[in-house]
Amino acid sequence: MCRICGVAPLTAPSSELMIAAASPDLTPSMKARLLEVLLEDLPTGKISPASRHSLEMEILASDDSTEKAFLLRVRLCNLLREYVSGQAPSAMVLRSRLSEATAVDLDWFRGIINGQRLSTDLRTSIQDKLRFLSEKNLLPALAKTRLADVLTVKVAPPGIVVKTEPLSEEDVAPSGIAVKTEPLSEEDVDMKMAVKPEGIPLQVAARTLASACTYAALKQAVMQISEASPTTGVKDLLPTWSNKIPPGLESSFGRATWNAVQMDTVVGSFARAAEMAEEGCFRGAKQLLRCGRLDWQSYPKSDEKLEKKLERNFRWQNMYLDLMESQQQLSGRLWTEAVKAEADRRAKVCMKAVFFKAPDEEPVPSYVEDIAVLVLFNLDDWGFVKEVAQDQKRKSSSLTAVFPFLKQLNAATLEFQQQKDDLLIQFDGGKSRLKVTTRQECLKLWNVLASSLSRTEAPQSVLRRPGGAALPGGAIPADVLWPLLRSLRHKSSLYLLLSCFCRMWSLVNRDNRSLPTVADPLWPVSLPLHATITPVEIKAAMSNMVDITTANGMDDADISLLKGDFHFYQGAYEAAVAMYIRSFLGGSLPGFLHPATALAPSQTTLRKLVSCFESLRCHTYVAVLCQLTVPVDYDTAFRSVAEKVTHDAADEIYAFLWDPLILEHAAFSLQRYGFLEKRQVVMDLLQSPILNAANPPAVAQNVAAERAVEFFEVLFDQYVVC
């Protein structure tokens, strides 16, 4: 029998169902109250699905046949909750439940559907599923009879009220209820006695429009919006769509012959196709745009000039989808020659259209220009953009802010690449072959980035700074900067940007938390006077840049070490360990580290790893790493093995200890705590012949190298792979 605790005291659907073996059997009033709780919980979902399922299992385990009706009603309540939560079970699940129902159960279910508990959307969804089952002759005859009014009720148009009233004895229908419609007077409408306001249907249609994946769904949503509010357009509901359509699109409509639904459908097809492309659904986006084109070609014809204008806007939008596809292919590292050639062709076609536009042609939308310039930059083909821009100087001013920023970044990257060898020599402590480091373009980039991060705008006048660099009159805003940097794939440029932010970090944090890079000589020794940058802004910029370089696969030793230091200073010790391990393992795979002596992390890195594991309370790891320090840090190692509580697999990690003194201290500490089995493990390691003090030094070195490699493989599996 179903045994449920505390059903009677429940006063709100927020109460959780508790299953207990010692509870008494449920009375009819308790069952009714329990069903009431389940129905009240439909919109909130505070009763977990696990509790609902447990309730079904308890009732199902009962041998009492009278519980079948109660079980069915509980299942129907749970089914309605699944519909509300968006799980949308198939119509066959509903058919299975209705086939078990009696006439009384069906009348109860009909009352739930026609009541006020269900939202309009949920009621419509259930009606659609019931009609589908009825049309396919899958609905049981009894259910079809008892739910006849549910199958026939339609949504009333504005100004119509739906009333239900009992029939006379002469006209009694099988369900006992008839549906009559009568128009309301203007007075009744004004008094709000008609259907409830259309705010909810309008919001539902807007959500459908924003998530439409096919042209048919989009067009239906636009029609629903027009019916709900004739004065509301798609751009009023979704303001961001204004930035995803060509600026000349709406001026190409035949307003004299097209209605509002037709114009909104065209706008929606353009904007939704752009959104789907940004989400990575390129095939669906192109199909939606093509279907929209076929549809508007059947609209009433306007003059030939407007039709050509609309076709040109369609061409720009289709080019945007192609360029977004090329950008994603480059982002996915599918750098085959065919992919590169096609991406280069598409971007050059767009740039030629930008610079060689006829006076009467539609301009290329700014978002199409941005992606074309970005693709050429990632392909390292900036020379084409520069050449075309020089040939058409008068028209280059029409380009968006992305163009001058990438132009400056490209110039600074070339300046860095020309001096990279000498900068590497300086970074390693050598003497540069160049007497003077050229950094004019890098200083300009420094000022642009500082202005973008600053809360205050840079002055409009051109300010001069030491080194001949000029401050730019402005910079692109941060909400444009970071999406642009996340789209970059040019690794030299990304490293230069990372170096710039590291330099800013070092200037703001002078308490021995600097992040040195190879390109440090290219940057100034102070922040720009016009830019007020706080440590919080620098930290956010560094975090974003670390994520960007990681996403682009920049895992070189120096970059990984740089990221590890940043995470270490932020207290993200697990992330710091992962980066430190990458910095000296390089491209090696676990189990294939040859030769073993190739592992040579610097002493500074080892000390930071020790600090990380001490903070993580992995004391056995600390003891193993202390063996690699020069000289061996016995104080820290002894303190670590003496800890009673450690957050690592100490029993397994003892096998990586090879220093006899540390092993002896571990055995002593374990005996003091009474861990005799663990002490025996350590004693067995001490008695191993390979740790005999009489062995030649070469044997001890080989043992240390092999165990160090195995230990770092464990760390690699735990912090990098997992």
Decide yes or no for [X] and [Y]: does some side-chain heavy atom of the first lie under 4.5 Å from some side-chain heavy atom of the second?
{"X": "L374", "Y": "N378", "result": "yes"}
{"X": "M319", "Y": "R346", "result": "no"}
{"X": "D344", "Y": "K340", "result": "no"}
{"X": "F314", "Y": "V266", "result": "no"}
{"X": "F282", "Y": "L321", "result": "no"}
{"X": "L323", "Y": "C350", "result": "yes"}
{"X": "L488", "Y": "L497", "result": "yes"}
{"X": "H490", "Y": "L379", "result": "no"}

Taking all non-hydrogen atoms of both residues into account, name the closest pair between [X] and [Y] and its distance.
{"X": "D236", "Y": "T231", "result": "OD2-O, 4.1 Å"}
{"X": "I113", "Y": "L130", "result": "CD1-CD1, 4.4 Å"}
{"X": "A205", "Y": "I225", "result": "CB-CG1, 3.6 Å"}
{"X": "R207", "Y": "S211", "result": "O-OG, 2.9 Å"}
{"X": "I548", "Y": "L485", "result": "CG2-O, 3.6 Å"}
{"X": "N313", "Y": "P246", "result": "OD1-CB, 3.4 Å"}

field: Salt bridge R81-D41, side-chain N to carboxylate O under 4.0 Å
entry: no
Salt-bridge present (E279, R272; N to O < 4.0 Å): yes
query: Taking everything shown except K348 itself, do over 12 heavy atoms lie less than 6.0 Å from its NZ?
result: yes
Sub-6.0 Å ring centroid separation between F501 and W482: yes
- prompt: Quick check, are the ring centers of F270 and W241 under 6.0 angstrom apart?
  reply: no
task: Give the intermediate values and the outcome of side chain to side chain contact (heavy atoms under 4.5 Å, CB included) for residues S452 and F405.
output: CA-CA 11 Å; S452 297; F405 176 80; 5.6 Å; no
How many angstroms lie between atom [atom1] of [X] and atom [atom2] of [Y], to the nearest 0.5 angstrom?
{"X": "E415", "Y": "K444", "atom1": "CD", "atom2": "NZ", "value": "9.5 Å"}
{"X": "M504", "Y": "E537", "atom1": "CE", "atom2": "CD", "value": "11.0 Å"}
{"X": "F566", "Y": "C502", "atom1": "CZ", "atom2": "SG", "value": "8.5 Å"}
{"X": "Y215", "Y": "L289", "atom1": "OH", "atom2": "CG", "value": "10.0 Å"}
{"X": "L209", "Y": "Q224", "atom1": "CG", "atom2": "CD", "value": "9.5 Å"}
{"X": "L288", "Y": "E275", "atom1": "CG", "atom2": "CD", "value": "11.0 Å"}

I'd like to know if the side chain of [X] reaches the main chain of [Y], judged simply by a donor and an acceptor atom lying under 3.5 Å from each other, with no hydrogens or angles considered.
{"X": "S226", "Y": "V222", "answer": "no"}
{"X": "N552", "Y": "M554", "answer": "no"}
{"X": "E441", "Y": "Q408", "answer": "no"}
{"X": "Q317", "Y": "K244", "answer": "yes"}
{"X": "N410", "Y": "L406", "answer": "no"}

Full working for side chain to side chain contact (heavy atoms under 4.5 Å, CB included) between T549 and K491: CA-CA 8 Å; T549 53; K491 293 193 175 183; over 6 Å; no
field: Residue list, side chain to side chain contact (heavy atoms under 4.5 Å, CB included) with P300, at least two apart or on another chain
entry: T257, W258, Q262
field: Stepwise side chain to side chain contact (heavy atoms under 4.5 Å, CB included) check, L496 with C500
entry: CA-CA 6 Å; L496 189 65; C500 179; 6.0 Å; no
- request: With sequence neighbours left out, write down each residue that passes side-chain hydrogen bond (donor to acceptor under 3.5 Å, both in side chains) with N78, or none if nothing qualifies.
  value: R52, E56
- prompt: Which residues satisfy the side-chain hydrogen bond (donor to acceptor under 3.5 Å, both in side chains) test with E311, sequence neighbours excluded?
  reply: R293
- request: Kindly determine whether K286 and D322 satisfy salt bridge (Lys or Arg N to Asp or Glu O under 4.0 Å), including the steps that lead there.
  value: CA-CA 9 Å; K286 293 179 181 179; D322 290 338; 2.9 Å; yes
message: Go through it in stages, so that I can follow the logic: the residues are M545 and L494, the test is side chain to side chain contact (heavy atoms under 4.5 Å, CB included), and I'd like the CA-CA distance, side-chain angles, deciding distance and then a yes or no.
response: CA-CA 8 Å; M545 205 62 219; L494 288 174; 3.8 Å; yes
message: Using 30° and 60° as the class boundaries, would you call the ring planes of Y320 and Y367 parallel, tilted or perpendicular?
response: perpendicular
- prompt: Side chains of T413 and S492: is there a donor and an acceptor less than 3.5 Å apart?
  reply: no
